[in-house]
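Working notes for the structure below.
In this text, all values refer to a predicted model and were calculated from it rather than measured experimentally. Here is the naming used below: chain letters follow the sequence lines, and residue numbers restart at 1 for every chain.
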Number of protein chains: 2
Amino acid sequence: MTTRRRLPDRKSKITLREVALRADVSESTVSRIMRNQSLVADATREKVMETVRALGYVPNRIAGSLASLNSHLIGVVIPSLSNIVFPEVIQGVHEALKSSDFQAVISTTEYDIDREEVMVRGLLAWKPAAILIAGFDHTMATRRMLDQSGVRVVELMDIDSAPIDIAVGMSHRKAGHAIGQHLIARGYRHFGYVGHDWAADRRARLRYDGLREALAEAGLSIEAHAIADGPSSVGTGRDQTKNLCATSSKIDVAVYSNDDMAVGGVFHCLSAGISLPDDMAIFGFNGLEIGRELPQPLSTLRSNRFMIGKKAIEAILESPERCTRPVVIDTGFEIFSGATA
Amino acid sequence: MTTRRRLPDRKSKITLREVALRADVSESTVSRIMRNQSLVADATREKVMETVRALGYVPNRIAGSLASLNSHLIGVVIPSLSNIVFPEVIQGVHEALKSSDFQAVISTTEYDIDREEVMVRGLLAWKPAAILIAGFDHTMATRRMLDQSGVRVVELMDIDSAPIDIAVGMSHRKAGHAIGQHLIARGYRHFGYVGHDWAADRRARLRYDGLREALAEAGLSIEAHAIADGPSSVGTGRDQTKNLCATSSKIDVAVYSNDDMAVGGVFHCLSAGISLPDDMAIFGFNGLEIGRELPQPLSTLRSNRFMIGKKAIEAILESPERCTRPVVIDTGFEIFSGATA
DNA sequence: CTGTTAGCGCTTTCAA
DNA sequence: TTGAAAGCGCTAACAG
C-alpha cells in the first residue's frame, strides 16, 4: 500500500504524538498533562513538560475542539466598532474571559440584519459555546438558527423585549422616562429633541418613547424636533442643534439621542455663544468620557456598557447549558446631573 | 464489540453524513458541493442543496479546518479597545475580510507584553492563516513563536523598526518631524510638549523624538514639558495643560502626544479663557472625528487607521505564504492645519 | 497512574 | 462525475 495523502508539510509540525514519542509515554498522558488534569505522576509530568518546552509544542485547539466537541469560542455580534459603546462592551467581555480559556470572536453587522444573519451563520459553524448579539432585532432565519443551535444566546444592550435565552442590559424605555422626569423636576417645560436615524437604532427610539411618556404624564410634549437621516455623530449633533435653534426659539432644554450628538450640541452652543444651561439646556445619553471632560460636564444618563459585556460572560460561564426560562439581567443606569441641564 | 463512547448528544447534530445519506450520495459529493467545487452535476447539486436546506445543515468548520489543515482564521492582537484608534484598525480589517471566508479573532493585551505573549500563544493554537499584531515591542518568546509558526505576521501601526514579516503603518518619527517643521513654518518658536506615559506607548515617544529633531535642525528646543504617568485621555490632557500653563508662560505652541490629550488641552483653554491660537496654539496627532468638530477644528496630523487594517489584510490575502524578505507598507500621513495652530 | 482504542466531522487523494 | 478510504491531531471511555 503506497503512502498516499498530502504533500510534504512545509511547517515543522510538532504534534502530540511527537511529544509522546520523545517523552516515551502515551498520547493520552501528554494530553492529560496539557490540560492539567491532576491524575498524573509528578515525575512523568516533569519529563513530559521538558520535551514540550524543548520541542516548542503548541497544542492544536482545532483538533482538541473537534475531539471534545467543545470549541471554547464565544461569538460576539455587534453593529459596529465605530460607536465607542460597543468596544466598551467587548472590553467587559474580555475582562470576564481573562481567566478562562474561552476566546471571543467578533463580527460586525454594520447595522444590517441581513449581514447579521450571515455573521451568525458563520459563527455557528465554529460551534461556539455561546453567541452574544446586540439587540433583539434579528431576521427570522437568525432567530431560528440561534434557537435551534442549542448554544447559549445573550442579547445585549437592552431588556425591553423578551429574550431568546438571556438578555443583559438596561431598559431604554425607562431610561427615557427617567430623563423626562429628571428634567421636569429641574423645572424645564419646553422640550426639544435632537436625534438620528431610528431605523438602525431601535434603542434610541425606545428612549424617545419613554421620554414622551414622562412628559405626557406631566401634561407636556416635545415641542421641536431635529432628526438626522444617518447615524449619530458629533458633527450630526452639531448640525441638528443649529437646525433646532433656527426652527424654534422657545425651547429651554434639548434632549439628545446620545452623548455624541449632545457633545455636538455643546460645540454648537460654544460657537454660537449660546449659554448653557441658561439659554438652553442639553441632556445626553450614555455617560461617555468626553462628556465628563467638557468645560461644563455634560448632563447625561450613564449606562454601563462594560458591565453589560462582563455580566453576559459571567452568566454563560456560570451555567453553560441553556435554562428552561429566559433570563433577564438588568445592569441599570444612573442620572448624572452635570452642568448643562 | 459494545458501542461505547460519548453520552447521547443533546443537540440535533446534523452532519455531512446525514445529508449524504438522505440525498443518497457520498460524503465527498456533499463536501464538494458545500465548498462549491464545480465538478458536480447540476442535478446532483440541486438534490443535495435541497436536503441541506431541509435539514438546516451548517458545516462544522472545526472539522473542516482540521481536515484541510487550514483554519481561515486571522488573529489580531491589539493593546486595547478603549483607544478608538484600534477599533478603527479592526474596521479596516473587517472591511477587507468582508468578501473572504476568513474571520478575525481579536485579543487585547492591555499594553502588557507578557499578556501579549499569552494571547499570541492562544491564537497560534488555532492555526490561523496570519497574526496581525500592533507594534514591534514583543517579548523574545513572542517573537520566536511568531517566527517559528510559519504563519504570516503583520506588525501594525508603525514602520520605524524592521518587521518580522510585514509592517503596515506610518513612520511616527517622520510624523513628529513633520509636525515640527510645519509649526516652525507657521512661525512658532517657543514649544511646549504635553504627553502621557511612554513606557506603554513607544510610538508617542518616536513622534516626540522626531519633533525634537525638527526643532534642533532649526536651532530650537522644547522649552516646557507636562507629562502624565498614565495612559492618554481627554481628562489627562486637560490636567497636564493646566500644569504646563502654570509652569511656563512663554510657550506659544503646545504639541500633544495625541488628539485625546489635545482635545483636553482645548477644553482647558476654553475654561481658562485662553484664546486659541493667539495666546497659545495646540497641535494634536491622529485626526480623530472629535477634533474636527470642535468649535475650532483641531490642528493635527492625520494617520489612517482604517487603511492600516485594510492594507494588512489585503497583503495577506494577496500572498498567503511568507516571502523571503520583510515587506513594509507605508500608509502615510497628512498635516491638517485646522484652527488651533 | 498510564495505555489502548475508537472516534470527532470533515477533506483529500486515488480509483472507478 | 462520483465514491471509498485514509487520515487531520486530539480527547475520552475503558481497561489495566
Side-chain angles (χ1 to χ4, degrees), chain A residues 1-21 23-48 52 55 57-72 101 124-127, chain B residues 1-21 23-48 52 55 57-72 101 124-127:
Chain A
M1 194 155 302
T2 56
T3 166
R4 42 201 191 74
R5 251 227 128 214
R6 305 223 190 279
L7 307 169
D9 286 294
R10 48 173 169 59
K11 312 274 169 56
S12 46
K13 178 71 74 59
I14 294 135
T15 67
L16 230 206
R17 148 172 282 129
E18 312 276 300
V19 177
L21 251 33
D24 200 40
V25 294
S26 75
E27 295 183 30
S28 5
T29 300
V30 180
S31 173
R32 284 186 192 105
I33 291 169
M34 294 312 291
R35 285 171 296 133
N36 1 254
Q37 292 196 198
S38 42
L39 8 64
V40 179
D42 280 351
T44 317
R45 159 169 284 118
E46 198 38 62
K47 178 176 65 175
V48 170
V52 163
L55 263 39
Y57 168 64
V58 177
N60 182 333
R61 289 193 69 163
I62 295 177
S65 298
L66 181 60
S68 65
L69 300 173
N70 184 343
S71 76
H72 284 206
D101 68 338
L124 250 15
W126 287 100
K127 306 291 162 188
Chain B
M1 194 157 305
T2 55
T3 166
R4 42 199 188 75
R5 257 234 123 206
R6 306 224 188 277
L7 308 168
D9 287 295
R10 48 174 169 57
K11 313 276 168 57
S12 45
K13 179 70 75 59
I14 294 135
T15 67
L16 231 208
R17 149 172 280 128
E18 311 277 299
V19 177
L21 250 32
D24 201 40
V25 294
S26 75
E27 293 183 30
S28 5
T29 300
V30 179
S31 173
R32 284 186 192 105
I33 291 169
M34 293 314 290
R35 284 171 297 132
N36 3 252
Q37 292 194 200
S38 42
L39 9 65
V40 179
D42 280 352
T44 317
R45 160 169 283 120
E46 196 39 61
K47 180 175 62 175
V48 170
V52 164
L55 262 39
Y57 169 63
V58 177
N60 182 333
R61 288 192 69 162
I62 295 178
S65 298
L66 180 60
S68 65
L69 300 173
N70 180 191
S71 76
H72 283 207
D101 68 338
L124 248 18
W126 288 100
K127 307 291 160 188

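Other residues, nucleotides and ligands contribute at most 12 non-hydrogen atoms within 6.0 Å of the CZ atom of A/Arg17.
Rounded to an integer number of Å, the gap from CD of B/Gln37 to C1' of D/dT1 is 13 Å. Going from atom CE of B/Met34 over to atom C1' of D/dT2 covers 18 Å, rounded to whole Å. Between the CD1 atom of B/Ile62 and the P atom of D/dT11 there is a distance of 13 Å, given to the nearest Å. Atom CG in B/Leu66 sits roughly 11 Å away from atom P in D/dT11 (whole-Å rounding). Taking atom CD1 of residue A/Ile33 and atom P of nucleotide C/dT2, one finds them 7 Å apart after rounding to whole Å. Between the CD atom of A/Glu46 and the C1' atom of C/dC1 there is a distance of 17 Å, rounded to whole Å. When the P atom of D/dG9 is taken as reference, atom NZ of B/Lys127 falls 9 Å away, rounded to whole Å. Whole-Å rounding puts the A/Glu27 CD to D/dG9 C1' distance at 8 Å.
For C/dG9, neither phosphate oxygen OP1 nor OP2 lies less than 4.0 angstrom from any side-chain nitrogen or oxygen of B/Tyr57. For B/Lys13, a side-chain nitrogen or oxygen approaches OP1 or OP2 of C/dG9 to under 4.0 Å. Contact check, B/Thr29 against D/dG3: a side-chain N or O comes under 4.0 Å of OP1 or OP2. Checking the phosphate oxygens (OP1, OP2) of D/dC10, no side-chain nitrogen or oxygen of A/Ser31 falls inside 4.0 Å.
A/Lys127 approaches B/Ile62 most closely through the heavy-atom pair CB-CD1, 4.2 Å. The shortest non-hydrogen separation linking B/Leu16 to B/Ser31 is CD2-N, 3.9 Å. Across all their heavy atoms, B/Ala63 and A/Leu66 have their closest contact at CB-CD1, 3.8 Å. The nearest pair of heavy atoms linking B/Met34 to B/Val52 is SD-CG2, 4.0 Å.
Relative to the side chain of B/Val25, the nucleotides C/dG9, D/dC10, D/dG3 differ in distance, and D/dG3 lies closest. Considering only side-chain atoms of A/Ala41, the nucleotide from C/dC10, C/dC1, D/dT2 that sits closest is C/dC1. Comparing C/dG3, C/dC1, C/dC10 by their closest approach to the side chain of A/Thr44 singles out C/dC1. Nearest to the side chain of B/Leu69, among C/dG9, D/dC8, C/dT12, sits D/dC8. Of the candidates C/dT11, D/dT2, D/dT11, D/dT11 carries the atom nearest the A/Arg35 side chain, counting heavy atoms from C-beta on.
Counting heavy atoms from C-beta outward, A/Asn60 and A/Thr15 have side chains that stay 4.5 Å or more apart. Within the 4.5 Å cutoff, side-chain heavy atoms of A/Arg61 are placed close to those of A/Asp101.
Between the base of D/dG3 and the side chain of B/Arg32 there is a donor-acceptor pair shorter than 3.5 Å. The base of D/dT11 lies outside donor-acceptor range of the side chain of A/Ser28, with no N or O pair under 3.5 Å.
Within 4.0 Å of A/Ser65, counting heavy atoms only, lies no atom of the nucleic acid at all.
Mapping B/Ala63 and A/Ser26 onto DNA chain C via the closest heavy atom, the residue that lands nearer the 5' end is A/Ser26.
Between its two ends, the helix from C/dC1-D/dG16 to C/dA16-D/dT1 turns its axis by 20°, counting five pairs per end and rounding to 10 degrees.
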*Given the rule in the side chain to side chain contact (heavy atoms under 4.5 Å, CB included) test, do B/Lys47 and B/Val25 qualify, once you have shown the distances and angles that lead to the verdict?*
CA-CA 10 Å; B/Lys47 180 175 62 175; B/Val25 294; 3.9 Å; yes

